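Heads up, the thing below is written out as structure tokens.
The model shown is predicted, which means the values in this text are computed figures rather than measured ones. Heavy atoms only: backbone and side chains are in, while hydrogens, waters and symmetry mates are out. First the proteins, then the strands, lettered A, B, ... as listed; each starts at 1.
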Amino acid sequence: MWVLVTAFLVFFMQAGFMFLEAGFARERETVNVLLEGIVDTCLCGILFYAWGFAWMFGHGNGLIGWGDAAGHSWYCLQNLPDTYESTGVATLAFFLFQFAFADTCSTITSGAMLGRTGFWGDLWYSIGVSGFLYPIFGHWAWGPDGWLNSIPFWKAAPFHDFAGSTVVHTIGGMIALAGAIVLGPRLGRKFKRDGGGPMPYHNMTIASVGAVILWFGWYGFNPGSTLSAMDIAGVARVAANTTLAACAGGLGALIFVYPRSKKWDCGATVNGLLAGLVAITCPCYWVSPLGAIILGAVAGVIVILATDLLEYLRIDDPCGAWPVHGACGIWGTLSLGLFATGQFGAPTPTGADNSAGAVVKGLFYGGGTDQLVAQFIGNAAIGIGVFAVAMVLMYAVKATGTLRVAKEIEIEGLDLHEHGGTAYPDTRSSTH
Amino acid sequence: MWVLVTAFLVFFMQAGFMFLEAGFARERETVNVLLEGIVDTCLCGILFYAWGFAWMFGHGNGLIGWGDAAGHSWYCLQNLPDTYESTGVATLAFFLFQFAFADTCSTITSGAMLGRTGFWGDLWYSIGVSGFLYPIFGHWAWGPDGWLNSIPFWKAAPFHDFAGSTVVHTIGGMIALAGAIVLGPRLGRKFKRDGGGPMPYHNMTIASVGAVILWFGWYGFNPGSTLSAMDIAGVARVAANTTLAACAGGLGALIFVYPRSKKWDCGATVNGLLAGLVAITCPCYWVSPLGAIILGAVAGVIVILATDLLEYLRIDDPCGAWPVHGACGIWGTLSLGLFATGQFGAPTPTGADNSAGAVVKGLFYGGGTDQLVAQFIGNAAIGIGVFAVAMVLMYAVKATGTLRVAKEIEIEGLDLHEHGGTAYPDTRSSTH
Amino acid sequence: MWVLVTAFLVFFMQAGFMFLEAGFARERETVNVLLEGIVDTCLCGILFYAWGFAWMFGHGNGLIGWGDAAGHSWYCLQNLPDTYESTGVATLAFFLFQFAFADTCSTITSGAMLGRTGFWGDLWYSIGVSGFLYPIFGHWAWGPDGWLNSIPFWKAAPFHDFAGSTVVHTIGGMIALAGAIVLGPRLGRKFKRDGGGPMPYHNMTIASVGAVILWFGWYGFNPGSTLSAMDIAGVARVAANTTLAACAGGLGALIFVYPRSKKWDCGATVNGLLAGLVAITCPCYWVSPLGAIILGAVAGVIVILATDLLEYLRIDDPCGAWPVHGACGIWGTLSLGLFATGQFGAPTPTGADNSAGAVVKGLFYGGGTDQLVAQFIGNAAIGIGVFAVAMVLMYAVKATGTLRVAKEIEIEGLDLHEHGGTAYPDTRSSTH
Amino acid sequence: MKLIIAIIKPFKLDEVKAALSTSGVDGMTVTEVNGFGRQKGHTEVYRGSEYTVDFVPKAKLEIAVPDAVVAKVVDVIIKAAKTDKIGDGKIFVLPLEEVIRIRTGETGESAI
Amino acid sequence: MKLIIAIIKPFKLDEVKAALSTSGVDGMTVTEVNGFGRQKGHTEVYRGSEYTVDFVPKAKLEIAVPDAVVAKVVDVIIKAAKTDKIGDGKIFVLPLEEVIRIRTGETGESAI
Amino acid sequence: MKLIIAIIKPFKLDEVKAALSTSGVDGMTVTEVNGFGRQKGHTEVYRGSEYTVDFVPKAKLEIAVPDAVVAKVVDVIIKAAKTDKIGDGKIFVLPLEEVIRIRTGETGESAI
Ligand SMILES: Nc1ncnc2c1ncn2[C@@H]1O[C@H](COP(=O)(O)OP(=O)(O)O)[C@@H](O)[C@H]1O
Ligand SMILES: Nc1ncnc2c1ncn2[C@@H]1O[C@H](COP(=O)(O)OP(=O)(O)O)[C@@H](O)[C@H]1O
Ligand SMILES: Nc1ncnc2c1ncn2[C@@H]1O[C@H](COP(=O)(O)OP(=O)(O)O)[C@@H](O)[C@H]1O
């Protein structure tokens, strides 16, 4: 039941993403962003049903799964056991929880690609992301036989990713980056070194509230990843750390950008708190509240520097998907190797397995660099792998001619041309 | 506690309905729609307290209830037992859960009637819906002595409505239809065969996010209807089926309307996913994931055809309340008779009662037409009954002269005239 | 786990507050309101971590706490026991729940001060509220040694405040009042007796939906305050009473203002339902559904009269923070002394302690005035105390010159000057 | 040529447009404006308090016409826009020296 | 008659309106516009990056007046709208051939 | 002096502004308007049904210029705004009797 409640919360993040991404978009592509949010979800549900769940969470080999240990395939949710592995969680509840994660990953991508991607193009790459990239690379870290899954491939330290700084956010962020690169910037978008700057967003109100909805949903994302509410202390620690990292991320970004412009920058703060949340997603089970605050604050700074980097590289990422999810997903994964306190081991249904070999200890707590290196290898393997494949995917979609819309369509807006109407058609002069 | 958590989620659907209906409304009646959402909820709470709960869930006869089996009345929540019947659920928690359902039903109605109904008229018909129609017709199916409640009135198959495709949605949708018919279309609304089309909505952003909030709330609606979190497998099955039907409904509508206009229609997709949710509400406990997908996709098509039908019949239903809740409520109820797998019986606090006679089996799984006929009889009895009474109710309100506002008020907008101000009064030129 | 789920719901109230306060603000200060909502939350998290939790919930003396009974300080969440006191709740979960409460208190304040407060000023007073006023005054009533905490200081009746009509709402409301007084009204705000009236809000849609989100969050606030889901009957009673009081508050305000203007006033209804929720927060565990309805309806009237009072006193409180949280917080606290039924005593993890001396009985149920006087003393001590200190705090911030922005900034809007951009910069003519 | 500027009640826009169209006027440009005049604003209520909004939403039509049809166009507008209540609006007639159609470069009456 | 068009800073609108009103001008039509001129736009910041908005929001007033009061009205507007900072705006005076009140059909100065 | 009013396609605004600016025209006032004309509106779809929106969003530019440059400015606008599709818009030239700069009180061409 804990898994279901938290699955619902993770699902609710879609409302947050839709608000955030639509708010950061221009008015002319608002309907496009909203519909992508909905259709990505619908597609992801069907694909995760058809084969995504089997590939990601089924037994198989280190690179891909497909079914139970005896070889019966789980495609179309067939042959499922009542409860998943040793978690004690009803398999369909686990499916729902993991569908909501997959959906998150897919939605992240569209934030970097909005304003110029055709809807057919969106459908193709979404199928690629939800149906292929996410379940396969996700299997590496979370599949029962995934080659990164708790195998101590670097000395004694296995790679750990509690709730997905790597699996969900680095994957989503790297695909977003590939998409933004292959698409190129929106027409008229000039970059800082060319005397330009970001294009206007259309609604900061919904963008900010969207971020708070995401924060709320993260209480499903992280605490739900214990899978069991019986690990009471673990769940509470995860929830508290999640909160503190978000707080520190928001403040970190706010304070870091203030000296530049002497303005209290709402967009930066919003992305800062999300950066804190992305970063704490991997280490939330193993760090202390102080660690959460520090690593969250650092994430708040990283997200701004990463935004500057994209600006310098002339890459147009309207929502900051790569700075938030890519850069801070990487940071969060690595931060475990720095901040893990050494008090807690792998989570089990009833609490942390704190036996000698199982505890996770980072560099700053005297654990040496083993865990850090393990985290680096795991994150780099997935991050680089997924980026490479995503570039291929995006170029393939581009080759079909559906990735980017024609110039006129982009200038007049996707809503009018692809969706047959704008987001706010009832203006005073048109109807009174 | 499961019942409370899910009751909260169902309550939260009000936020979704307010966003959805306000977004689909014109700007000039936005405050009216919002206030109706709030006041319907407040009224419904007081009426359900006063007598609605007693009439619907009290013992009595097949047509109406009033209290406990010993004859003590439950009016004003008096004489309540600690836990409701054999559910083991605290009666006040059950009351809250059922209040949230009643509220949903009442809010559905207003979606079809917006833009032209006077506020006094709204108060009268809302009292009729929440205070009389819903609890009485609801008693037929869900009251402990309701004549449709698990009585095998057609061969061995009793009527089943797990979470209310009939009780909540068909009732709400049929009242909505009656309201739209008696009111007539909004001034200036021309229909397709007269060279016209729908009136513009004012905010697709909140309409779409409202739909996602409703989807989130549906995780209270359907999984909560097990009443017990101890039926772990049942709850998980319900939640997964609910998700897949929504996904299929959204995609079904999107794809079905694309060939018409070559546009990716956001409003259609929104109503499509809601159609999938409405349809799965009745059968969610007894069908397989594949069944959920198929019946959800069909609902996505039905909702469009039903919208076309209203257009043809020159009935103005601004939110599509009847296509979504009426037509797909009927389809969902019938679909149990087609898709029930025959694996599961009636839910009990700890799981499905899978004894021989109890399992529910539909036509496509070799169960013959018995269940289908039972579903048809139950749905038709309630649907036709409530439509007839609703027509009387609406004509009665019309006779008081409060149902529809004067021409000038409608043209200038309900907000200015009935509520003393518009939704967005602070425009730049007026205040800077 | 109950505590965590309800903590998440209370946290989600921030989204509601942001919508409500931004909706009631003018367009020019929307970003300011949103950013305040986020930054107050972030600050509050860090301060509650650093010392707020220790001061409020630590052992110490009657006026302030700091750590465990053995004298180890809880600053920076150090030395925490696994579970808090005798609640059986994981201390970090309890921390999170109480952080969400503290955050609410701090956000209430900004509702009265918006449109003219500089951001530096906001930071200073927010630190004062979240870091000092709330935890110290809160300790008086809820700290393990707080001088008001269950001590029968007036005859046999100890002061009771179940979920914070006094602790959260009266404190927040009285600080809001002090802030509004020290700031003075927004430029151009004329009052009724000077021929003026309120300034326009900019978005009633989000304000109304914000109120419904708050109502939803209140299901965390009140039912969560049982701390345990094992007191099934108590939780259900609290949830049902919360609902009925909100319903009655909304209807009370709607009906009370109708005769004045012959308009159905949405803003009044929104504040009315919030008034009902604030009022029921203290007595929700001990009153009957009927009591909840009556005291909620009275709150709906009080909130309007309190708004009139501020108008008469020429105090500009744009969101009505004092009428809703201050005035109705006081009323709610007192109402326990009138409406407590005498059936229930202090809550324990498994249910009410209904032993002879523990039950709470109000004047209308034959309990005499003892409980009423206890409530009055407790509420007055905290309310007056906090108001006095808040006046000092606000004057101190004023002395730094950061409390109120310059005239030009206020007229052109805080967003442009303090935040570097408005909430809705992408208008048609600027970008197409 | 003249430029006719008409300030009308917004909900009359459709009728005026239709009437003009049947009189051979096909082009016009419409702007949302706020009017101040004898028609006083209205009272709004907000949380139980009233306040006055002193502007009235209006639609402004700009119509370029050949001299010959000015009188007729003015008549058509008056007929369609009239409600006989204060605030029906005004028509202004301004001299218009030149009209150019951007697409073709045509000038004068043929460009209208 | 003349049509006076004044482009002013939006936050001066109330003052200008009040000043005109005490000078006997009761009617006017106001439009939200964006101005480009010597007053350069401003810099906005967004997620740590700056960008320039090169238009400035302005209010446009259109006031039909009898010839006799043109000078006075212009003066009143200048006094009320002036802040002595770049971007205070401009006043344009156009010839106005005819004014018609829709409600009554009155024409000329009495229709203003 | 003349007041040039140009109705153009909104997405051409930036180009027109840039072209004018390089031709020495620094000031202008822009309004969002809805145009009706030969360019018919478009069809929108909504939940599977189509409906027609019969206005087209346009940008209206008002530019006060000395008589000497009218022809040049008109030319510049035409060049920059042209797409050769119906609906490119129109340019109106109105006589302008006086211009006053509010900040300085300057009048005539130097106030433009
Ligand atoms: N002197 C004026 N100059 C410009 N516009 C005016 C003038 N007087 C009135 N208007 C416009 O005409 C509208 C209607 O005028 P008003 O005085 O209210 O009623 P009526 O049209 O019946 O005379 C006003 O709202 C305003 O937009
Ligand atoms: N040539 C022009 N034609 C039309 N409007 C103009 C012209 N020049 C300026 N304006 C308007 O006047 C406003 C103020 O002009 P600007 O040059 O910024 O400062 P100032 O009013 O001090 O001369 C501009 O924002 C624009 O709206
Ligand atoms: N007679 C007119 N008076 C005022 N504006 C007009 C007139 N005719 C056209 N317009 C404006 O010019 C725009 C373009 O005109 P249209 O007839 O569509 O195409 P074109 O510019 O190619 O002639 C219209 O949308 C409208 O704003």
Let me know if Ile293(A) has heavy atoms under 4.5 Å from chain C in its side chain, its backbone, both or neither.
-> side chain
For residues Ala240(A) and Phe95(C), report the shortest heavy-atom separation together with the two atoms involved.
-> CB-CD2, 4.3 Å
Steps toward ring-ring contact (aromatic ring centres under 6.0 Å, His included) verdict (Tyr258(A), Phe119(C)) | CA-CA 12 Å; Tyr258(A) 184 75; Phe119(C) 205 78; 8.7 Å; no
Would you name the heavy atoms of Ala93(C) and Ala236(A) that are closest together and state the gap between them?
-> N-CB, 3.5 Å
Nearest heavy-atom approach of Gln14(C) to Val212(A) is CB-CG1, 4.2 Å
Where on Phe8(C) is there a heavy atom nearer than 4.5 Å to chain A: the side chain, the backbone, both, or neither?
-> both
Stepwise side-chain contact (heavy atoms from CB on, under 4.5 Å) check, Thr41(C) with Trp215(A) = CA-CA 11 Å; Thr41(C) 299; Trp215(A) 186 338; 3.7 Å; yes
For Phe94(C), is it the side chain, the backbone, both, or neither that has a heavy atom closer than 4.5 Å to a heavy atom of chain A?
-> neither
For Tyr201(A) and Ala423(C), work out which heavy atoms get closest and say how close.
-> CE1-O, 3.6 Å
When you measure from the side chain of Asp426(C) to the backbone N and O of Glu27(A), does any donor-acceptor pair fall under 3.5 Å?
-> yes
Thr91(C) side, atom OG1; Ile232(A) side, atom CD1 - distance, nearest 0.5 Å = 11.5 Å
Engaged part of Ala239(A) at the chain C interface, taking heavy atoms whose separation is under 4.5 Å | both
Flag the pair Tyr219(A) / Leu4(C) as yes when at least one side-chain heavy-atom distance between them is below 4.5 Å, and no otherwise.
-> no
So NE2 of His419(C) and OG of Ser261(A): to nearest 0.5 Å the spacing works out to 11.5 Å
If you measure from CH2 on Trp120(C) to CH2 on Trp264(A), what distance do you get to the nearest 0.5 Å?
-> 4.0 Å
When you look at Ser208(A) and Leu35(C), which way does the side-chain contact (heavy atoms from CB on, under 4.5 Å) test go after all the steps?
-> CA-CA 8 Å; Ser208(A) 314; Leu35(C) 188 61; over 6 Å; no
Quick one: what part of Leu414(C) sits under 4.5 Å from any heavy atom of chain A, side chain, backbone, both or neither?
-> neither
Asn354(A) atom CG, neighbour heavy-atom count above 12 within 6.0 Å = yes
Evaluate the criterion side-chain contact (heavy atoms from CB on, under 4.5 Å) for residue pair Thr243(A) and Phe11(C); output intermediate values, then yes/no.
-> CA-CA 10 Å; Thr243(A) 306; Phe11(C) 170 81; 5.9 Å; no
Considering only heavy atoms, which portion of Thr422(C) lies under 4.5 Å from any heavy atom of chain A: side chain, backbone, both, or neither?
-> backbone
CE (Met1(A)) and CE (Met1(C)) are apart, to the nearest 0.5 Å, by 4.0 Å
Nearest 0.5 Å, what's the CD1-SG distance between Ile38(C) and Cys247(A)?
-> 11.0 Å
So how far is it from Ile213(C) CD1 to Phe216(A) CZ, rounded to the nearest 0.5 Å?
-> 9.5 Å
Is it the side chain or the backbone of Thr269(A) that comes within 4.5 Å of chain C heavy atoms, both, or neither?
-> side chain
Answer yes if the side chains of Tyr424(C) and Thr205(A) hold a donor-acceptor pair under 3.5 Å, and no otherwise.
-> yes
